Amino acid sequence: MSRFFGCQPCLIDRPNKDLWIIGHRGFPRVAPENTLTSFEKAIEYGADMVELDVTLSREGVPVVIHDSHLSRTTDGKGFVRRHSLSSLRKLDAGSWFGKEFRQEFIPTLSEVFELFGSRISINIEIKKESFSKRQPWVVEAVLRTIEDFGLRKSTVVSSFSPEVVRQIKRKSSKQPTAILVSNRGKKAKNLIRQTGADALHVSLECFSESLVEDMDLLGIPVRVFTINEKRTATRLFRQGAQAVFTDEVKKLAG
Ligand code: G3P
Ligand code: MG
């Protein structure tokens, strides 16, 4: 694991702990988010891990896209889940960002694993909207894909949905997981206990040193999103954050 989780010398202030720079949707400042080029760029510029967002196509294939709707990041319309994989594949997922990216498409999770799984650790965020308690296919599909590629040890599955995290742990207890929190009112300790999550991913607003102390007692690392200033990242590491998610991979990891 340490091969993937190397410390960033410029930011170190936490002996004996690895500190990670996580490329949020890849390196979305230089390439369209959640595309193969975005992940390639995050690796090139020194990220320790890439984060991506997963939802399902109509037939239940995990695809990598942030929104439940196609319109912001592709030339398609409507909900991702209403489209077959073959129709999603025809969409242009790059021109919205820049004409030179018009060849980009919505990748499947398998494609990302195939290209990058042996090169970098990957945080798979399962979108809350892709999960239904009655039809928990997204959980099964993501776990199956991780297993097919033998990537359990270098992946973290996260979600804002406590039920998703709980089900992941129930089905694959050794799979590293994280619960996402962006609401100050949420009680992190309770969420960790309820879900069995192995890490806490919080927005900057939810971060505090006392939260780190509470989590330390449970052996839970705290990772913070989305941090685009090096000064803020340095402060967070000093205060005990174990990782930061960033759109600015070059600035923070360089
Ligand atoms: O996983 C951290 C972060 O990506 C959560 O928010 O909306 O960017 O997926 P969002
Ligand atoms: Mg995300």
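Every value quoted in this text rests on a predicted model; they were computed, and no experiment measured them. Counting starts at 1 for both ligands and their atoms, in listed order.
No more than 12 heavy atoms of other residues, nucleotides or ligands shown are found within 6.0 angstrom of CH2 on Trp137. For Lys251, the NZ atom sits in a packed shell: over 12 heavy atoms of surrounding residues, nucleotides or ligands are nearer than 6.0 Å. Open room surrounds CZ on Arg231; 12 or fewer heavy atoms of other groups in view lie less than 6.0 Å from it.
Closest to atom 1 (O) of ligand 1, if we only count protein heavy atoms, is Glu51 OE2, 2.9 Å. Here the protein heavy atom with the shortest distance to atom 7 (O) of ligand 1 is His66 NE2, 2.7 Å.
In Thr226, neither the side chain nor the backbone holds a heavy atom less than 4.0 Å from any atom of ligand 1. Residue Arg223 does not touch ligand 1, judged by heavy-atom distances below 4.0 Å.
Taking every heavy atom of Arg25 and a limit of under 4.0 angstrom, the matching atoms of ligand 1 come to 7 (O), 8 (O), 10 (P). Those atoms of ligand 1 with a heavy atom of His24 less than 4.0 angstrom away are 3 (C), 4 (O), 8 (O).
With a 4.5 Å cut-off on side-chain heavy atoms, Thr155 and Phe149 do not count as touching.
Listed by chain and residue number, the protein N/O/S atoms under 2.8 Å of the Mg ion (ligand 2) are Glu51 OE2, Asp53 OD1, Glu125 OE1, with waters left out.
Of all the heavy atoms in Gln194 and Arg166, the pair that sits closest is O-NH1, 3.4 Å. Minimum interatomic distance between Gly23 and Val249 (heavy atoms only, all atoms of both residues): CA-CG2, 3.7 Å.
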